[in-house]
Amino acid sequence: MTFIDPECAAIAAAFARRDFRARLPDSIAAKDPMYRRSGASYDLKSIREYQPFDDPRAIDWKLYGRSDRAFVKEFYDESDDEVAFLVDSSASMGCAPVDEYRTFIGSMAYILLSLGMGVRLWTFSEGLSRRCVAARSKNAGGHASIAAALSALPFSGVTDTARSYALWRARGRQKRAFIFSDFHEPGLTLRAPPSGELFLIRYRTPFSALVERGAEAEVLDPESGRLVVVPWSASDEDAWLASDAARDAALAASPRSFFRRLDPGSPRAPVYWDVLERLYA
Amino acid sequence: MPDASGLLGAVGPVAAALAPVALLLFVALRLRKRVYYPHELLSPKDDGRPAAALFRSLRLHYDTAIDAACAVIVGLAIAGYPGPALWKGPATAIDASRSMLAGLRGDRPLDEAARLLFSDGTLRGQAVFTLGWDPLTRRNTVRDVTEALEDADSPQEFAMALESSESFMSADYGLLSELSRRGYGGLTLLTDDASAEGLGVDVRRLSAKPPRYLALASAVWDDERERSVARFVTAGGAEIEALWELIADGSMRRAKPEDYEIIPSPSGFELSFKGQGLWAAQWDGRRLPFAAPGRPEPLSASGALSKRIVAALGSIGTKARAGEYGIVVRDGGGAGARGFVSVSRVDEEPYVLPPRLTRGAVVAAGMDRKADLALGESSFASPEAAIPFYLARAASGAAVAPAPRPRASPVRVGEGFLYAAAGGRRAFVVVPPSDEYAPSGRRTVVEAGTVPDRRLLVALALASLYGLKLWLAARLRGRR
């Protein structure tokens, strides 16, 4: 499966027409690497002799010591064009419709790839996955690798979002990160990367969609294995909605973060658009 | 406090009522849905409180809990719980009939009853009622006289208070059940009636006096003598001292000798008059009012069958009307209507006429629920078939015309009451029944009656529980 919503191509095209900045940057579009824009990434572009207009701080002093001539290193400017996807693959996510979850993430990746951004995807449960999947284009197997990673989501293990995010902060260099999770951990607070942004996409099934009012249910926690019997009444639902709203508010209150809750079955296109609006704000 | 054995008897009904509740609980548990969901996403409001387990269970099974409570209440109600409510304590009832005034003042059964209430420690402090008769409504009553007893300083004063407040005509012991219904238990009846036997009632028999009375035995129109005849029975040497003519307003004037004839009889005497009238016989200083009936109206007929019957009886009237005092024989329905005897023709006669119409004579009759008399071949052939018509006519001539409710206030006349003429009805008198003078010898069983179960309490409890159930349902389930 490709996990792409059919309207994704149209959304990407429409957003590219509307926002000039969303068009493919010259640095990405240029076929000759020499014409790609230099920047501050770790991806080496070239080494050339020092010119008067160069910043003296860019001089490679090791080369100067070996050759007695001043050289500077140029790097590609690409760090701003890659985003990190942290995908919750714990057992709790298996309670929601997982294909819809995969499709949302796959579609989001497709749109970003279409707009010229790179996507690097990690999965997490107790901790961050050791390997990540990187894609730089929607073609040439870029999105296919994302889709393959989404297909392979295990939906097992216990969620530890804070630890996983800390691990990513230690490894990842992206300034913009997306976390897809149900955020069921109480008291969870996440801080955006330095001079970056954090996108929190909450995907969870309302409990009222599972149990009718007035009924009772045996609720099995997929992560802890505990079983409790829960009465579900109007007051219970009201309390649940209140606590859920408080959880949403706490997540949305993080500085330099973007929060959206996505319910199963709800329209996803507005969320895509909102994300793009924020991403290119 | 219910005893243990009684509660054991309630186990069966309660268990039977709980069985369907348990079945519903079992089915609900079987149908309970299992879902997978992170517990942290559920509302944590139930956790952490010591009573959370109890309330959580109640919220889970409030339906079943309320149904079980209702089942227990219904089961206990079936087993007789809660028991009868005797919350008002014991009570004493005084027979306020005419016989309680027999004898000389101070030595009457009423005086003895008053002394007993003042002297008997077991009766002191109890609520006191009288079983009497209300001349206004002409119904037997039970009246609370506890305040009169408390206000009286002596038995004599209490007896006088009762004499002024009670009519002392007759008493209905059946009204004791009314006291039970009101919540009084441990009833005591003070009466001079030697034939009264208590069933659940402590009957205190007062000393009855030797019979000395003058009572009316019958008052009929004698067709042969063309006079109205009133027959009296006497005992204990009672004799008529004077005869008074009653005026409609309750006043009296001495009867003239030419107005009546008096003839002694083996059991007493008989008075005969030229026509109908209201009179009062005086004996031992007392006055007994009575009515002498007039000539009954001839029978009238309405309908072909009725006309043939009345013609055969030889007293057909000129026109048929719903008379006040006459009797109209009519065809067809309308059984039991006052002033009418309805007849119908039937083929089969497997029954006899009602004894009230034949004075016990066996007269073959058919069955027609709509008519008073259903007559067939054998009925017409029997000479006794005329009895019902004769009796109906004789009854219609009585001056004591039955009135459903007197319109004027009754006037006390001696031992009875005079009801003045009103609304086209003749004046009539009401006197104590003959049993008040001469004991009938029949055994009278005085029952306390059954104290009603506290069904209202049970109903209120059930209503409250189901109201709670509805409220919880509206609150917990909400409205969609």
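Lettering follows sequence order; numbering is per chain, from 1.
You'll find the side chain of B:Tyr37 stays beyond 4.5 Å of the side chain of A:Leu220, heavy atoms only. Put simply, the side chain of A:Phe207 does not reach to within 4.5 Å of the side chain of B:Leu41, judged on heavy atoms.
In this structure a side-chain-to-backbone donor-acceptor pair under 3.5 Å is missing from B:Lys33 to A:Val219. Judged purely by atom type and a 3.5 angstrom limit, A:Asp221 has no side-chain atom pairing as donor or acceptor with the backbone of B:Pro38.
Neither the backbone nor the side chain of A:Leu241 has a heavy atom closer than 4.5 Å to any heavy atom of chain B. Contact annotation for A:Arg226: both backbone and side-chain heavy atoms come within less than 4.5 Å of a heavy atom of chain B.
The structure places CG of A:Leu188 at 11.5 Å from CD of B:Glu40, a figure rounded to the nearest 0.5 Å.
Atom CZ of A:Arg191 is surrounded by 12 or fewer heavy atoms from other residues, nucleotides or ligands within 6.0 Å. Annotation for B:Tyr36: atom OH does not count as buried by contact number, only 12 or fewer foreign heavy atoms lying within 6.0 Å. Environment of CZ in B:Phe26: sparse, with no more than 12 heavy atoms of neighbouring residues, nucleotides or ligands closer than 6.0 Å.
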